Structures are given as C-alpha cells and as structure tokens.
Chemist: 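Just passing along the structure, written as structure tokens.
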There are 2 protein chains.
Amino acid sequence: MVEGGIQTSRSAPATLHDVAREAGVSLATASRSLNGSTRKVNEEYRKRVLEAAARLDYSPNLSAQAVARGTTTTVALLVADIADPYFSSIAAGVVAEADTARLIVTMAATERDPERELELVRTLRGQRPRVMILAGSRPTTDPTEGALGEELRAYERSGGLVVLISRNELDLRTVLVENLSGAEALARELVGIGYRRFAVITGGEGLRTAADRVEGFRAGLAATGGELRDGDVIRAAFTRDGGYDGMRRLIERGLGDIELVFAANDVMAVGALSAVRDAGLTPGTDVAVAGFDDIPTVRDVTPALTTVRVPLEELGRRALRLALGDADAADEGAVRTEVVLRESTPRRD
Amino acid sequence: MVEGGIQTSRSAPATLHDVAREAGVSLATASRSLNGSTRKVNEEYRKRVLEAAARLDYSPNLSAQAVARGTTTTVALLVADIADPYFSSIAAGVVAEADTARLIVTMAATERDPERELELVRTLRGQRPRVMILAGSRPTTDPTEGALGEELRAYERSGGLVVLISRNELDLRTVLVENLSGAEALARELVGIGYRRFAVITGGEGLRTAADRVEGFRAGLAATGGELRDGDVIRAAFTRDGGYDGMRRLIERGLGDIELVFAANDVMAVGALSAVRDAGLTPGTDVAVAGFDDIPTVRDVTPALTTVRVPLEELGRRALRLALGDADAADEGAVRTEVVLRESTPRRD
DNA sequence: GACGTGCGAGAAAGCGCTTCCCCGGAGGCA
DNA sequence: TGCCTCCGGGGAAGCGCTTTCTCGCACGTC
C-alpha cells in the first residue's frame, strides 16, 4: 500500500537571510551566531538570532556552507558489497566514528569491479569529501590500478585524505590488518591441536587480502610441519557462494586425506560449511573448517566456526581516526588479530 | 603500519572557470558543454571544453551545483544498525538503485534510539537531500513521534520526498511489507505440518513491525487451531542477543509442551537457535524455531531456518523508485512475502 | 578635552556553479 | 534587398552561505 504524503503549500526552507531579517540583524551577525565563529557576538543579538532560527525551523544549507567555506563535512566510503557482513561491519564503524566527529558519510558499492571503483572515486570526488575510505582490496593484477592511484593522488593533492583498509597496494595511508601473521598463527594453532593435512579455498585472482592470508597460512604450516599441496589451493569467488562452490569442487574431486579446509574469509567458510553438509558429510567431524574475520554470524552456525578475529568495526573507526589525524590511530600499527578456536576444528588426537 | 601519502604541492581542484579559460570559451558555454543543458552548444566548442576538462582533470563541485541549481543529487538513508543484515540488505538495495539513478546516498545509523533518529533527520535535512528513506520502525508509543512527523512534513513541504520502509505510522509514502499476512501464512503452514503449541519471541515495547508479525501469527493460529498463550509471548531486544536471551528465558522457565518458537525476525531466530543448542537441546528436534525476513545467513545455520522471505534488497530499491515517482513502484502494493519451510521446523506427525 | 585603541555590527566580496537575458549573426521569406 | 526569426555565445545575476573589511562607537590615556 502506498500513500502519497499530504502536500501542503510548498515552502522553500528558511534561509539565513530570513533568519537575519526575522531577528533584525545583519546576515553576518546571524551567520556568526548560528555557526560558531571566532568573533564574539552580543549576547542579546545572539539570543534573538537563535530564537528566530528556531521559530523559522532554520537548518543551514550544507551545500552552501561547503561552497562558502571551501570544505565539506563529508566522508566518502567505498566498499565492495554493502550486504556483505565484512563490509557492513566496517561501514558501521566508519559511520559511528563519523557521527562523533560530526561528519556525514556517503557510501557506494564497487561490486568488486575495479572499473566501477575507479568510476565511483571520480564521481565521489565531486563531493569534495574531506576523507575517502576505500575498503576491500582489488586484484593485484588490475590494469586500472595506475589510474586509480593517479585519481587518488590528485584527490590528495587537492587537500583530500585517503585511507585504505587492509590493502597496502598504493602508497597511501592504510589501516593494515595482520592478515599474514594472523593466518600464520591460525595455522600453528591448528597444527598444535593435531591437524596435518590442509586445503585452502581462496578468493579470485590475486586478491591481496586473500593472497596474504594464504601466504601466512602456508608459512605457519611450513614452520610446524603441516602440509598443504599446491593442488589443494582452490580459487573461487570471495563470497558465500564462492566458498560453497569451492568446497563442493573439493569434495567432488575427493577430499583424500585432507583434514581441514581453510577458507580465506568467513563468508566463504560459512558457504563451505553448508557445502559439506549438503554433501552428506559432517563439518567438524568429517572435515574441519576454519575461516578468517570473525563476522558476527559465525558464532551461530553449526559447528561454530574457528576463525581469526578481526575487529571489523574498529577497522572502520580507525580508518576515519587515522584520516582525521588522530595520533593514537597512527601509532597503533596494524590492527591486532586473534585466533578463535571453536567447534568447527575439534581437537584431533 | 601507517604511511603518510606523498604530499606534493597542494593544488586546488580545477574549477569550471579554469576549464573555460583553458578552452577559450565563456563560463556559460563551459557549463553547458559539461553538465548537459537544454541548449545546444557548437560541436567545436563542446569538444574543446571536453578536452580542456580532461586535461585539467576537472570534476564539477557538487556542492556548488547544488547551490546553483537549488537541488541536490543526494538521498539520505536512515537505518537502525548498519551491521544488521536486515538493514544492510535494504541499504544495498537503496545504493544499487541510487546508482542507476545517478544519485549519491548518505547513510546514518539511529541505533534504535528515537531521539537520535529525530536528531539525525534534522542534521540530514541540512543536506537538502532529494529523498529521505527511513527504515526500521520505532516504538509506537514513542514520545518524539510527533516531533519526527513535524520534521518530516516540513521537509516534504520544502520539496523533499520521504519514504518509510515497513512502518506506516506516519501519513507518508511507505513501502509496506506484508508482515501481517506473511506471519499469518507462516502460522497456517506450521499448523499444517503438525505443530500445535507455540511461543513467540518478539521485539521490545510496541515495535510496529514486530507487533504486526505477532498479530498476524496469532491470527493464523486462531484460524487453524494452533495455540499461543499470552504468557508465552516473550519480549526481548530486536537483535541476535535479544533472541538468544529470550529463548534462554523460555528454556529456563521450562518449555512445557511448546513445540515451536516463532521469533519476530531472523536475527533473533538465529540467536534463539544458539540458545537452544547452548542449553543442550537440539533445535528442530527438541524445539522447532521459525523466523522472519530470510536474511542471507539463515540458509547456513543448522538446522536451516524456516522463515518468511522478505525481498530486502527489493525493499530498498522500491523505496527509492517510489520516491522518484516510478509508477510501477507505486502500483505494486505491499511487498510480497513468502513462507520458506526449512529444517528448523520438520514435519511433525 | 583631544586622540588613540579595541570591539563588534554590518556591508560587500567572494565560493563554484547555473541560467536568465541580451545581442549579434545567420538564415528564411517576400 | 529588407525585415523577421531563430540560434546560440557570453555577460552577469544569483543560489545560500562565510569572511574580509570598513567604520562607528565606547573606552582609556595624558
């Protein structure tokens, strides 16, 4: 059911001009009273202006302020897919932090398409956002990489702040995640509780984040005697369905003596879990599964998923704080990860 | 690790003025060439302007355009919690549709606080968005309800478009969801496969959406002979933890002869599932669980959750299309829901 | 009492755009 | 050839703000 709102006589929103007139003061004074300035304003005037503004339901036109001030209160956020819990958690962090900094965030989705990402950066630059945050890595082999770098650097030159989340491809401010060492720690722990033979399901062609995690995992195994054959590294889309598909292929091909499958992120791992079940096997028992990220839902799948916790919301917050020049944020180094063992990787004796 | 971007000489972004000079034409002609106008421009001139723009890496200042045109290309989206899959799916839909309409979306989170929501509406009005979409209902008993309505109506009077998603509390454009009939259909089906004794876990105090779902469920039971005692309607937070908590209380209190627990949304249902498991019971077997929404993850929990599918992304798309005056969107009526039976409610004979 | 000095109100000049309006030139028609 | 009509370029006004700059006024000082 759809109801049209009652359209009363259209009335343009009150302008500062209206407020000034209503209060009987100049435009300048009205501006100074409402939108803080270094200059003092007679208390009596200020009061009159505030009252007039309230009476007229005045709300400053942010675009006009932006034009006049030459700076906006906007931060632009680019993610691959808003519905993906990894990105929506990061987004939640960015939005929360933006709120405390009285900034407004505008959001766009690249849908994992580098062309689109470039396009979006171009469009969003038109907004003259104070900060631009890019989350989600792109293929390392991407041909538009150069163009993107160019675009971002031009944006920085014009006074913008760029922060990348978990992708240190370009020489820009970055919130780094311990992908490598996190995956390595995971591998060590898994070997520690008795696993020896592993397979990996990783994201598409040369995705930086995925590649790092696999590399770290491999390093951890190498150090502890776990085994991962090259043929047991499966490529699939970096999504739930990708994970499902990867695991299906693995099973169809025959698991052999593989004891544990590490998916390069949790959404894939969750898909993998379902693939195991759909194949009539019991995840955890017949084959163990581990993921990466610790997105909220992995507590609630069965078996609960072993993973590497990444404080995703914190990632978003850090990104913005870093841009805004928070010294702490800059000093904290890479974001800590932490191995979380759960039932999907039961101790193996 | 944090790297400061290489700060080359700061250079303000090129303005239209620069482009016009570079191309040797007037400001007016440059404007007309770049940002479509009804008036024709000499092909030769247009070409020169376009080239100049490319050379200078010109990107129009959207704020300035907004001021000059008196209208923005922004749509504002208010959700309760960005990390909640219900809202992030809706957001994904809004963003996708905005993209095709060449609109930019700015997002804010109310954190389920009506005061905050009101506050945010006020702030966002400053942006002069073309459209404002509010998702997620508020308590029906909310004291700020009037103020919110006032604010929204003022916004509409000034030419803004408001769309509410699944909350017909105010007399405004709304994308309605078949909460009532969906829940009713669910109840009928559940009774149809053999369930008789039910309990319900619902959201906090008078949340419209939750209330409708419970009411519909009740109606369905009443029509088919299912039983839901008043004492078996549990209130909890409208979140995963709320669902967990509600189920825990239900179990501690003693399930008695309750066969199925209906949670008013999927995130609660997923929490409830975990509570069942943590209590040492087997969901589906010892007690069946059903939810509402069909968020992506419910396919992957065990047992897979019976629920009522709401096309969430479509909800977001519809909201925007409705605002933009898409006739189809207006005519389609409430968004269809569909009962999806899965393993969490096995046939009971 | 003459003359700084500091304070703060208000006029006005922008900010980067769009668009109205003027006007010159090209073309059509008798 | 003369006149009228389009066509389309460019000047300039304006959008809603901020911020310089001007300037009157109330003090304080000798």
Side-chain angles (χ1 to χ4, degrees), chain A residues 11-50 52-53 56-74 123 125-130 158-159, chain B residues 11-50 52-53 56-74 125-130 158-160:
Chain A
S11 66
T15 71
L16 188 58
H17 194 96
D18 300 331
V19 175
R21 184 156 23 73
E22 172 87 8
V25 301
S26 74
L27 209 53
T29 301
S31 172
R32 294 195 267 254
S33 311
L34 287 171
N35 316 307
S37 117
T38 46
R39 270 185 49 174
K40 235 176 268 173
V41 171
N42 182 310
E43 195 44 51
E44 161 67 12
Y45 283 2
R46 144 172 276 116
K47 202 173 129 245
R48 260 163 49 197
V49 171
L50 260 40
L56 299 181
D57 191 21
Y58 172 73
S59 143
N61 183 321
L62 294 185
S63 293
Q65 289 192 323
V67 172
R69 292 187 175 145
T71 163
T72 64
T73 56
T74 300
T123 313
R125 267 191 72 189
Q127 283 213 62
R128 306 284 186 273
R130 272 244 271 280
S158 68
Chain B
S11 65
T15 72
L16 187 59
H17 194 96
D18 301 330
V19 175
R21 184 159 21 75
E22 172 88 7
V25 300
S26 76
L27 211 53
T29 300
S31 172
R32 292 197 268 254
S33 310
L34 287 171
N35 316 308
S37 117
T38 48
R39 280 190 39 177
K40 236 176 266 170
V41 172
N42 183 309
E43 194 45 50
E44 162 67 13
Y45 282 4
R46 143 172 278 115
K47 202 173 128 246
R48 259 163 50 197
V49 171
L50 261 40
L56 299 182
D57 190 22
Y58 171 73
S59 144
N61 183 322
L62 294 185
S63 293
Q65 290 193 323
V67 172
R69 292 187 175 145
T71 164
T72 65
T73 57
T74 299
R125 268 191 70 189
Q127 284 215 60
R128 306 286 185 270
R130 272 244 271 280
S158 67

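In what follows, chains are A, B, ... by sequence order, proteins preceding strands, each numbered from 1. Please read all numbers here as calculations on a predicted model, not as lab measurements.
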Chemist: Round to a whole Å and report the spacing from NZ of A/Lys40 to C1' of C/dG10.
Modeler: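 It works out to 19 Å between those atoms.
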Chemist: Does C/dT18 have OP1 or OP2 under 4.0 Å away from a side-chain N or O of B/Gln65?
Modeler: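 For C/dT18, OP1 or OP2 has a side-chain N or O of B/Gln65 closer than 4.0 Å.
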Chemist: To the nearest 0.5 angstrom, please state how far the OG1 atom of B/Thr74 sits from the CG atom of B/Leu62.
Modeler: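 Taking OG1 in B/Thr74 and CG in B/Leu62, the distance rounds to 7.5 Å.
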Chemist: Checking only heavy atoms, does the side chain of B/Arg69 share a donor-acceptor pair with the base of D/dG14 at less than 3.5 Å?
Modeler: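 Donor-acceptor pair under 3.5 Å: no.
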Chemist: Between the base of D/dG10 and the side chain of B/Arg32, is there a donor-acceptor distance below 3.5 Å?
Modeler: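 Between D/dG10 and B/Arg32, which were checked side chain against base, a qualifying N/O pair under 3.5 Å is present.
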Chemist: Taking any heavy-atom pair under 4.0 Å as a contact, classify B/Ser31: base, sugar-phosphate, or nothing.
Modeler: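 Result for B/Ser31 = base.
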Chemist: B/Gln127 vs B/Thr72, test: side chain to side chain contact (heavy atoms under 4.5 Å, CB included). Steps then yes/no.
Modeler: CA-CA 8 Å; B/Gln127 284 215 60; B/Thr72 65; over 6 Å; no
Chemist: Working to the nearest 0.5 angstrom, can you tell me the gap between B/Asn35 CG and B/Arg69 CZ?
Modeler: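 Interatomic distance, B/Asn35 CG to B/Arg69 CZ, rounded to 0.5 Å: 5.5 Å.
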Chemist: Mind calculating the distance between NE2 (B/His17) and P (C/dG14) to the nearest angstrom?
Modeler: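 Those two atoms, NE2 and P, are 12 Å apart.
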Chemist: Once you round it to whole Å, what is the distance between C1' of C/dG16 and CZ of A/Arg128?
Modeler: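 Atom CZ in A/Arg128 sits about 9 Å away from atom C1' in C/dG16.
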Chemist: Would you kindly compare A/Leu27 and B/Thr15 by the position of their nearest DNA chain C nucleotide and give the one closer to the 5′ end?
Modeler: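 Upstream on the strand: A/Leu27.
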Chemist: Could you state the atom-to-atom distance from OH of A/Tyr45 to C1' of C/dC7 in whole Å?
Modeler: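 Whole-Å distance recorded here is 13 Å.
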Chemist: To the nearest Å, how far apart are A/Gln127 CD and C/dC17 C1'?
Modeler: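 Value for this atom pair: 16 Å.
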Chemist: Think B/Asn61 has a side-chain N or O under 4.0 angstrom from the OP1 or OP2 of C/dC15?
Modeler: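 Looking at the OP1 and OP2 atoms of C/dC15, neither is under 4.0 Å from any side-chain N or O of B/Asn61.
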Chemist: On the nucleotide C/dG10, are OP1 or OP2 found under 4.0 Å from the side-chain N or O atoms that A/Thr29 carries?
Modeler: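 It does, given that an N or O in the side chain of A/Thr29 lies less than 4.0 Å from OP1 or OP2 of C/dG10.
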Chemist: May I have the distance from B/Glu44 (atom CD) to D/dC7 (atom P), rounded to whole angstrom?
Modeler: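 The distance from CD of B/Glu44 to P of D/dC7 comes to 21 Å, rounded to the nearest Å.
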Chemist: Round to the nearest Å and state the distance from B/Asp18 atom CG to C/dG16 atom C1'.
Modeler: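 Interatomic distance, CG of B/Asp18 to C1' of C/dG16: 10 Å.
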Chemist: From C/dG10, C/dG16, D/dC17, pick the nucleotide closest to the side chain of A/Ala28?
Modeler: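 Nucleotide nearest to A/Ala28's side chain: C/dG10.
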Chemist: To the closest 0.5 Å, what do you measure between OG1 (A/Thr71) and CZ (A/Arg130)?
Modeler: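 Atom-to-atom, A/Thr71:OG1 and A/Arg130:CZ are 4.5 Å apart.
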